[in-house]
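Heads up, the thing below is written out as structure tokens.
Predicted model only: the values in this text are computed from it and were never measured. Note on naming: letters A, B, ... go to the chains in the order of the sequence lines (proteins, then strands), and numbering restarts at 1 for each one. Values below: all heavy atoms of this structure, side chains included; hydrogens, waters and symmetry mates excluded.
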Amino acid sequence: MPRYNPADIEPRWQAYWEANQTFATPDLPTGKKRYVLDMFPYPSGDGLHVGHPEGYTATDIVSRFARLRGESVLHPMGFDAFGLPAEEHAIRTGEHPRIQTQSNIDNFTRQLKMLGFSYDWDRALATTDEKYFRWTQFIFLVLFETWFDTDQQKGRPISELPIPAEIQQQGDVAIRQYVDSKRLAYLDDALVNWCPKLGTVLANEEVVDGKSEVGGHPVKRIPLRQWMLRITDYAERLLEGLEDLDWPTGIKKLQSDWIGRSTGAEVDFYVGSEDQFQAWKSQRSVAEFPVQPGSDALRVYTTRPDTLFGATYMVVSPEHPMLESLTSDQQAAAVKEYCEKASFKSDRERTEGDREKTGVFTGSHAINPVNGKPIPIWVADYVLAGYGTGAIMAVPAHDERDFAFAVKYELPVIAVVDPPEDLPNRDEILAGKACFQAVGQAINSGPMNGFSTPEVKSKIAASLSQDGLGTEAVNYKLRDWLFSRQRFWGEPFPILHELDSEGNPTGAMRGVDPSELPVRLPELSDFKPHGRPEPPLAKADDDWLYVTLDGKRYRRETNTMPQWAGSCWYYLRYIDPDNEQALVDPEKEQAWMGVDLYVGGAEHAVLHLLYSRFWHKVLHDRGHVTTAEPFLKLVNQGMILGEVEYSGYQDQDGKFVSAKLVRKAADGGRETKDGRQVTAVAIADDLVEKKGENFVLKSDPAVRVESRAHKMSKSRGNVVNPDIVVNEYGADALRLYEMFMGPLEATKPWSMAGVGGVRNFLDRVWRMIVDDQQDELVLQSALTDQPCDEEQNRMLHGTIKKVTEDTDEMSFNTAIARMMEFTNFFTRQESRPIEAMKSFLILLSPYAPHLCEELWKILGQDGCIANQTWPSYDEAALVQASIEVPVQFNGKVKTKIQLPPDAVVDAMIEAALADDKVKSLLGDKTIVKKIAVPGRLVNLVVK
RNA sequence: GCCGAAGUGGCGGAAUUGGCAGACGCGCUGGAUUCAAAAUCCAGUUGGAGCAAUCCAGUGAGGGUUCGAGUCCCUCCUUCGGUACCA
């Protein structure tokens with residue numbers, strides 16, 4: 001009768017924790033604090049997926065473990081609730097997105113509570129809450145009111161921006177434009193995907209192959225005035241800040257590659273006639289390198305100024321401002337046509353496919369500043385407008401892209417770096433028939449010949465700088481952040497655009513007064529697109545859209561913020577979720593920040609983490625937070641795949657084809673190596689057997705089948721629903737299984753049988769304490785008040801030690817394995833000391849909290865196990881009188897001897913040599929060397 | 001192409017960081033219990049040879065360093081993930 005029944009136990013303890021506020025977090029920590037954070041979910045209509053509880057269980061264990069060790073723990077949860085699916089639903093049904101969003105949040109909350117996570121639910125928030133996005137809007141205003149001081153490397157109030165005298169002289173409009181151009185949040189034209197047929201602007205992921213995902217209508221890229229955030233100003237700080245973070249090195253590298261710092265030089269090439277070159281050069285040499293190159297020079301950025309002598313042509317991007325003036329009349333038509341074609345290509349098209357390089361000669365030449373030689377200027381879309389100066393000097397001998405282009409258009413290739421002599425294709429390189437991108441010795445480089453690449457770099461940089469022709473420069477791949485979306489379901493911008501008496505925008509704008517926040521979303525009768533290339537908020541009534549302030553009329557900004565906005569700072573709001581005076585109280589912020597552990601999926605490795613860090617640094621500069629970095633330690637949980645599946649391939653006649661003969665087809669499907677199409681079919685486990693390295697059909701071992709776990713997806717039908725797992729095995733079993741599968745960071749396949757295995761363990765724990773043979777709830781008669789004997793004590797303290805260390809290191813799978821060993825051991829014991837059982841339950845309680853609470857109560861203990869103290873272990877209890885030590889001959893184990901654990905090297909060797917087995921194995925061989933590692937082994941090198 | 005991670009029994013995975021390879025769990029085999037089954041308990045389970053004691057091989061492949069390598073170094077193969085002309 002008294003079987004372990006999670007369906008009864010779990011809801012009861014969840015209700016208990018809630019009623020008793022067991023996990024309520026104090027406003028300020030007492031003693032050591034720990035902030036343990038999950039990446040909050042987007043509450044989709046599908047509900048929780050078994051991937052979610054993986055990270056959540058890990059952080060829950062860490063939180064419960066820390067509480068048991070007396071720390072103050074902040075462990076909150078919330079919802080990243082703005083997003084496209086809810087808006088699409090609203091467009092279809094006319095129902096306000098808030099309604100579906102709320103019901104999804106309710107469902108997520110129910111599922112999360114069902115798993116027994118120890119969140120402080122009073123701190124829960126959703127980014128869609130007005131009292132939350134009020135502060136998201138506030139932070140936007142901070143960005144709007146801040147400029148970046150490059151000298152101080154710091155964001156400062158816009159009121160402190162120095163206005164250059166020449167701007168001052170031009171009057172108020174010029175000053176206003178200057179100020180607006182320096183804000184961290186600024187307006188700029190950016191391309192959007194406009195679909196005239198749908199009458200709406202589409203997100204990049206809604207566009208497939210240049211057509212709308214819905215309906216397959218053509219999509220045009222048109223420029224729209226949009227908000228940008230000047231994250232590039234913070235590139236250097238974002239890069240430097242990575243160093244001290246306890247993050248996986250892979251993630252740090254991804255971020256640092258994304259920021260993409262490179263160092264090199266900017267160099268000006270004269271674009272006038274050859275006979276004017278010397279005059280231009282001498283004019284340049286008397287002044288410093290100018291901020292702007294002027295109309296007679298083309299400025300390039302290069303990381304290899306040492307190859308300047310090998311520049312045989314130049315390329316400007318199709319969007320380059322000087323292109324028109326560089327284009328000759330003869331080439332005008334061709335250039336115009338080329339640029340038009342390039343403008344129609346989306347970013348994808350420009351980068352996808354074989355990337356055959358294309359370009360057109362502009363008709364003009366520039367003069368290489370180091371040797372005075374004229375070289376042709378081309379326009380080509382392999383040069384990007386947004387990077388460096390949007391123009392390059394092409395050195396085909398030492399750059400793969402330039403080389404490919406030069407080969408195609410038969411431009412000269414001059415080697416200026418001599419590769420190491422042992423390089424197999426050195427002769428080809430020197431002859432200009434191959435490309436070499438590494439370093440070597442300069443050749444064909446006039447006065448630089450013979451010097452090494454680094455030497456030439458610094459020499460050329462110095463001489464260019466001296467002559468006012470170039471300067472050292474740093475560039476970043478990171479681009480400014482396009483921060484507006486043409487969507488309804490997002491945070492409105494707290495910005496007003498001034499209108500003139502005709503109702504036209506004057507270009508002036510102001511932020512909404514912070515005391516007037518939030519700017520709520522307008523009420524709309526429906527959410528259908530209005531058909532203009534403008535955001536949906538433009539559909540709002542005039543009441544919402546127009547504002548009169550101080551006698552001036554304004555129109556509200558109608559773009560909304562992207563989903564990133566709400567997730568950029570939610571970790572701060574958990575600290576002080578109800579504060580109406582500030583986004584977070586400074587005292588509380590100082591006490592709880594930074595986040596001591598942040599767990600989430602690697603898909604957010606770059607953008608979310610980078611954006612958050614950027615906002616945090618701005619808030620730090622402007623005095624809203626005290627910490628320089630938000631997330632001190634980061635862990636990425638691995639993906640959970642579906643159950644392992646076997647699949648075979650059948651040709652069109654239904655005959656099986658060995659997987660060995662199948663390859664990926666160009667269209668993404670599968671085909672045989674001779675090009676016949678095949679289809680994958682699922683094969684039942686019992687029709688398959690292992691043969692050598694692979695699995696084959698039992699009925700035809702010549703047919704190899706694939707054995708693989710796939711990503712969970714609706715279309716594949718292999719999604720595991722946590723509701724069903726909890727229903728069948730219990731929440732504790734689900735939690736435990738997710739942790740027992742393998743290391744947290746690893747990608748691993750789901751196995752329902754594995755869940756059964758850990759459930760079996762929980763049953764054993766139950767039966768170790770409760771006698772389930774009886775009709776009534778009775779303790780096992782083996783339980784005793786006696787203390788542990790020596791062996792039991794060693795098992796107990798060994799388990800405390802292992803579980804403490806492994807939990808601390810988040811090596812949950814091995815901690816669980818040890819607790820299984822404990823249970824196996826004590827189940828065999830005729831006498832089970834209650835003290836040992838109690839300590840064990842505390843160890844297990846972060847992992848399987850409901851079961852442990854119940855058993856704690858059954859053992860007659862007062863209160864709740866969550867409020868107990870983590871046991872400590874006694875090192876002395878771990879010592880054994882005698883240990884088994886292997887004796888190796890030449891590194892191979894031959895026998896084992898018993899030794900005291902503290903035996904020293906000499907004693908170990910002596911004991912090994914005295915052993916009968918060793919003597920007989922030794923025979924007449926001679927011992928060359930004797931090695932002993934105390935407590936571990938003896939190794940004899942024999943001949 | 002480039003970057004990153006990983007390859008260990010039938011399967012998921014352990015291995016105090018250079019020291020007994022396969023902990024723990026699943027699965028499988030045998031046994032106990034049962035009228036029978038479920039459940040439970042006990043034993044076994046890397047492969048090969050042998051009645052056996054035992055011996056040989058073995059951590060993707062090949063080489064190297066070392067008394068000793070799953071672990072370190074070099075070359076290669078495979079899988080997964082990310083990324084895309086950033087001069």
Note to self: Could you check whether the side chain of A:K930 and the base of B:C67 have a donor-acceptor pair of N or O atoms closer than 3.5 Å, going by distance alone?
What the structure shows: no
Note to self: Nearest whole Å is fine: how far is B:A15 P from A:D806 CG?
What the structure shows: 8 Å
Next item on the list: Indicate whether OP1 or OP2 belonging to B:A87 is found under 4.0 Å from a side-chain N or O atom of A:Y387.
Entry: yes
Notebook entry, point to check: Can you list the residues that meet the salt bridge (charged side-chain N to carboxylate O under 4.0 Å, His left out) rule with A:K253, with sequence neighbours excluded?
Noted result: A:D257
Notebook entry, point to check: Do A:K801 and A:L878 have side chains that get closer than 4.5 Å, going by heavy atoms?
Noted result: yes
Notebook entry, point to check: Looking at residues at least two apart in the chain, or sitting in another chain, which of them share a side-chain contact (heavy atoms from CB on, under 4.5 Å) with A:L411?
Noted result: A:Y313, A:P376, A:W378, A:F405, A:A406, A:Y409
Checklist line | Which nucleotides of RNA chain B pair, in dot-bracket form (Watson-Crick or G-U under 3.5 Å, | meaning another strand) | finding: (((((((..(((......[....)))((((((.......))))))((((....))))..(((((..]....))))))))))))....
Notebook entry, point to check: For A:K802, what residues pass the side-chain contact (heavy atoms from CB on, under 4.5 Å) criterion, not counting sequence neighbours?
Noted result: A:D806, A:T814, A:R818
Check: What's the CG-P distance between A:L254 and B:A5, to the nearest Å?
Finding: 10 Å
Notebook entry, point to check: With A:T249, which residues qualify under side-chain contact (heavy atoms from CB on, under 4.5 Å), at least two apart?
Noted result: none
Notebook entry, point to check: Quick one: is B:U83 close enough that its OP1 or OP2 comes under 4.0 Å of any side-chain N or O from A:K253?
Noted result: no
Item checked: salt bridge (charged side-chain N to carboxylate O under 4.0 Å, His left out) partners for A:R708, two or more places apart -> none
When you compare the protein's N or O atoms with those of nucleotides 11-14 of chain B, which come within less than 3.5 Å of each other, and at what distance?
from, atom 1, to, atom 2, distance (Å)
B:C11, OP1, A:K690, NZ, 3.1
B:G12, O2', A:M741, O, 2.9
B:A14, OP1, A:N813, ND2, 3.2

Margin query: By nearest heavy atom, map A:T827 and A:R818 onto RNA chain B; which one lands nearer the 5' end?
Written below: A:R818
Checklist line | Phosphate-side-chain proximity, A:N636 and B:A5, N/O vs OP1/OP2 below 4.0 Å | finding: no
Next item on the list: Run the salt-bridge test on A:E645 and A:R716 with the 4.0 Å N-O cut-off and return the result as yes or no.
Entry: yes
Strictly under 3.5 Å: I want the nitrogen or oxygen pairs between protein and nucleotides 69-78 of chain B, one per line.
none

Checklist line | All salt bridge (charged side-chain N to carboxylate O under 4.0 Å, His left out) counterparts of A:K894, not counting sequence neighbours | finding: none
Margin query: Heavy-atom nearest nucleotide on RNA chain B for A:G754 versus A:G891: which residue maps closer to 5'?
Written below: A:G754
Note to self: List the residues meeting ring pair (Phe, Tyr, Trp, His ring centres under 6.0 Å) with A:Y737, not counting sequence neighbours, and say none if there are none.
What the structure shows: A:W750
Checklist line | Heavy-atom donor-acceptor pair, A:K896 side-chain to B:C20 base, under 3.5 Å | finding: yes
Can you name the atoms? Protein N/O to nucleotides 29-40 of chain B N/O, anything below 3.5 Å, with the distance.
from, atom 1, to, atom 2, distance (Å)
B:U40, OP1, A:N760, OD1, 2.9
B:U40, O3', A:R767, NH2, 3.3

Check: With sequence neighbours left out, what residues match A:D402 under salt bridge (charged side-chain N to carboxylate O under 4.0 Å, His left out)?
Finding: none
